[in-house]
Amino acid sequence: MKIISILLLHVMLLKRMVHTKCRATKYPFSEVTRFKISDEQVPWTVCVPEYDPPEYNSKVLMNKPWADPPLEDVSFKPKWNELDGKINRKSHTGTYRILNERPLNPQGRTGIKGRGVLGKWGPNHAADPILTRWKMEQDKKVLNTTTNLPILQFCAIQRKDCKQWALPGGMVDPGEKVSETLQREFLEEALNSLDASKEQAEADSKMVRDFFKQGVEVYKGYVDDPRNTDNAWMETVAYNFHDEDGHHVGKFDLKAGDDAQSVQWMDVDKNIDLYASHSNFIKSVADRLKSHW
């Protein structure tokens, strides 16, 4: 029953998040305008004869070690829907279609083709740690005056690129385990481990490594990311790490680093506007912990 409930939750999350933020008029970090389509025209199963989206492949991807080559490169022979060397080209959503030698977004049209600013054709895998603690005053949980439920706080970072608040997650490196990505991204973005002293970095790393052993998976699948295109898209695995008494990561001195401009403990509330599908992940955590939303 528990597995069925989780699967149903994942389906409900997908219905709420698919192709809302990734159909904004302008593609991020560019002047390229997406081809306008209605909600009904998103599925590939719906015939849209006039669909003719522009192609965009950012120059920032050229000759980068973390990025795929152009599809026109004769030496580039990707193994779609497989583990391609150390690069995971499998999708959490299942087998995706290949059309005209290009991977096809499993959730439908986005109004733009190509790779955009994403490093990989097809699925681009990320991991998002959701670190939570209770909002406390005088050793008591603070209750919301409307719902009378305890207020949850989560570690939020403000992204440097778009200034939006988000989870301190990031891309899974080739050959890297998701558990390693979760720890690395939190240390780099929320504790600024890259600039910390060797002693401080080692101490933080040990505490995070120990604390992250108790994570609970809350989502695994497609992400409604503004960078998605018809041929490249974001997927993630999100884990909740809850500090019930606030004596572990809940007491950390947060310091923004790497891709983060700011970092803070933010109150969980349905009115918060977060990057991509992050609000949906937070909602699932609030439901699981029976906190205010």
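Reckoned from all heavy atoms, side chains included, excluding hydrogens, waters and symmetry mates.
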Item to check | Heavy-atom donor-acceptor pair, Y51 side chain to G111 backbone, under 3.5 Å | outcome: yes
Next on the checklist: Within the structure provided, determine whether F154 and N240 are in side-chain contact (heavy-atom separation under 4.5 Å).
Outcome noted: no
Next on the checklist: Heavy-atom count check: over 12 atoms from other residues, nucleotides or ligands less than 6.0 Å from K64 NZ?
Outcome noted: yes
Checklist entry - Can you tell me if K120 uses its side chain to pair, donor with acceptor, with the backbone of W66 under 3.5 Å? => result yes
Checklist entry - Would a hydrophobic clustering, with Ile, Leu, Val, Met, Phe, Trp and Tyr connected at side-chain separations under 4.5 Å, put Y56 with F35? => result no
Next on the checklist: I'd like to know if K141 pairs up with E244 as an ion pair, taking the criterion as any Lys NZ or Arg NE/NH1/NH2 lying under 4.0 Å from an Asp or Glu carboxylate oxygen.
Outcome noted: yes
Item to check | Flag, side chain of T181 to backbone of K177, donor-acceptor distance under 3.5 Å | outcome: yes
Checklist outcome for this item: Output for pair (S291 OG, H242 NE2), nearest 0.5 Å, gives 8.5 Å
Next on the checklist: Run the side chain to side chain donor-acceptor pair (under 3.5 Å) test on N105 and Y222 for me, step by step, so that the C-alpha distance in whole Å, both residues' side-chain angles and the decisive distance to 0.1 Å come before the verdict.
Outcome noted: CA-CA 10 Å; N105 189 312; Y222 185 88; 2.9 Å; yes
Next on the checklist: Check this for me: does any side-chain nitrogen of one of R89 and D68 sit under 4.0 Å from a carboxylate oxygen of the other?
Outcome noted: yes
Checklist entry - Counting heavy atoms not belonging to E50, are there more than 12 under 6.0 Å from its CD? => result yes
Next on the checklist: Quick check on the hydrophobic clustering: are L152 and M266 connected, directly or via other members, by side-chain heavy-atom contacts under 4.5 Å?
Outcome noted: yes
Next on the checklist: For S179, is there any backbone N or O sitting under 3.5 Å from a side-chain donor or acceptor partner on Y239?
Outcome noted: no
Item to check | L61, T229, N231, N124 screened by side-chain contact (heavy atoms from CB on, under 4.5 Å) with R115, the one that passes | outcome: L61
Checklist entry - Just wondering, do Q153 and Q264 contact through their side chains at under 4.5 Å, heavy atoms? => result no
Next on the checklist: If we ignore hydrogens and angles and just use 3.5 Å, is the side chain of N228 paired with the main-chain N or O of V223 as donor and acceptor?
Outcome noted: yes
Checklist entry - Is the backbone of G116 close enough, under 3.5 Å, to the side chain of R227 for a donor and an acceptor to pair up by distance? => result no
Checklist outcome for this item: Minimal heavy-atom distance between G108 and H19, with the atoms involved, is O-CE1, 3.0 Å
Next on the checklist: Under the criterion side chain to side chain contact (heavy atoms under 4.5 Å, CB included), I'd like the reasoning laid out for S58 against F29: C-alpha separation, chi angles, the key distance, then a yes or no.
Outcome noted: CA-CA 9 Å; S58 175; F29 322 115; over 6 Å; no
Next on the checklist: Quick check against the 3.5 Å criterion: does D173 have a side-chain atom that pairs as donor or acceptor with the backbone of E176?
Outcome noted: no
Item to check | Exam field: side chain H278 to backbone A166, donor-acceptor pair closer than 3.5 Å | outcome: no
Item to check | Closest heavy-atom pair and its distance - S193, A201 | outcome: O-CB, 4.3 Å
Checklist entry - CD1/I282 to CH2/W293 distance, rounded to the nearest 0.5 angstrom? => result 7.0 Å
Checklist entry - What are the two closest heavy atoms between K283 and D287, and how far apart are they? => result NZ-OD2, 2.8 Å
Next on the checklist: Quick check on D73: does its CG atom have over 12 non-hydrogen neighbours (other residues, nucleotides or ligands) under 6.0 Å away?
Outcome noted: yes
Next on the checklist: For residues L99 and I112: do they belong to one hydrophobic cluster (side chain heavy atoms under 4.5 Å, members Ile, Leu, Val, Met, Phe, Trp, Tyr)?
Outcome noted: no
Item to check | Note, F212 side chain near L131 side chain (heavy atom, < 4.5 Å) | outcome: yes
Item to check | Side-chain donor or acceptor of D224 paired with backbone N/O of S277 under 3.5 Å | outcome: no
Checklist outcome for this item: The reported gap from NZ in K140 to CG in L143 (rounded to nearest 0.5 angstrom) is 10.0 Å
Checklist entry - Where do N81 and G94 come nearest, in terms of heavy atoms and distance? => result OD1-O, 4.1 Å
Checklist entry - Would you say the side chains of Y275 and D225 form a donor-acceptor pair under 3.5 Å? => result yes
Checklist entry - Rounded to the nearest 0.5 Å, how far apart are NZ of K90 and CD of E235? => result 12.5 Å
Item to check | Pairwise distance NE2(H125) to CD1(I87) - rounded to 0.5 angstrom | outcome: 10.5 Å
Checklist entry - If we only count heavy atoms from C-beta on, is the H92 to V237 side-chain gap below 4.5 Å? => result yes
Checklist entry - If you look at every heavy atom in Q41 and V46, which pair is closest and at what distance? => result CA-CG1, 4.5 Å
Next on the checklist: Is there a path of hydrophobic side-chain contacts, each under 4.5 Å between heavy atoms, that joins V117 and V32?
Outcome noted: yes
Item to check | Carboxylate-amine/guanidinium proximity below 4.0 Å for R102 and D230 | outcome: no
Checklist entry - D161 pairs by side-chain hydrogen bond (donor to acceptor under 3.5 Å, both in side chains) with which of R159, K163, Q164? => result R159
Checklist entry - Is a side-chain donor or acceptor of T236 paired with a backbone partner of A238 at a separation under 3.5 angstrom? => result no
Item to check | Pairwise side-chain contact, E101 with L71, heavy-atom cut-off 4.5 Å (strictly under) | outcome: no
Next on the checklist: Apply side chain to side chain contact (heavy atoms under 4.5 Å, CB included) to residues E189 and V263 and explain how you reach the verdict.
Outcome noted: CA-CA 8 Å; E189 295 192 348; V263 60; over 6 Å; no
Next on the checklist: Would you say that W121 contacts P78 through its side chain, given a criterion of any heavy-atom pair below 4.5 Å between the two side chains?
Outcome noted: no
Checklist entry - Under 4.5 Å between any side-chain heavy atoms of V42 and I37, yes or no? => result yes
Next on the checklist: Side chains of W165 and S262, heavy atoms from C-beta outward: is any pair under 4.5 Å?
Outcome noted: yes
Next on the checklist: Can you classify the ring geometry of F211 versus F241 as parallel (below 30°), tilted (30 to 60°) or perpendicular (above 60°)?
Outcome noted: tilted
Item to check | Closest contact, heavy atoms only, Y27 versus L118 | outcome: OH-N, 4.4 Å
Checklist entry - How long is the span from the NZ atom in K198 to the OG atom in S205, to the nearest 0.5 Å? => result 12.5 Å
Item to check | Hydrophobic cluster identity match, L289 and V218, side-chain contacts under 4.5 Å | outcome: yes
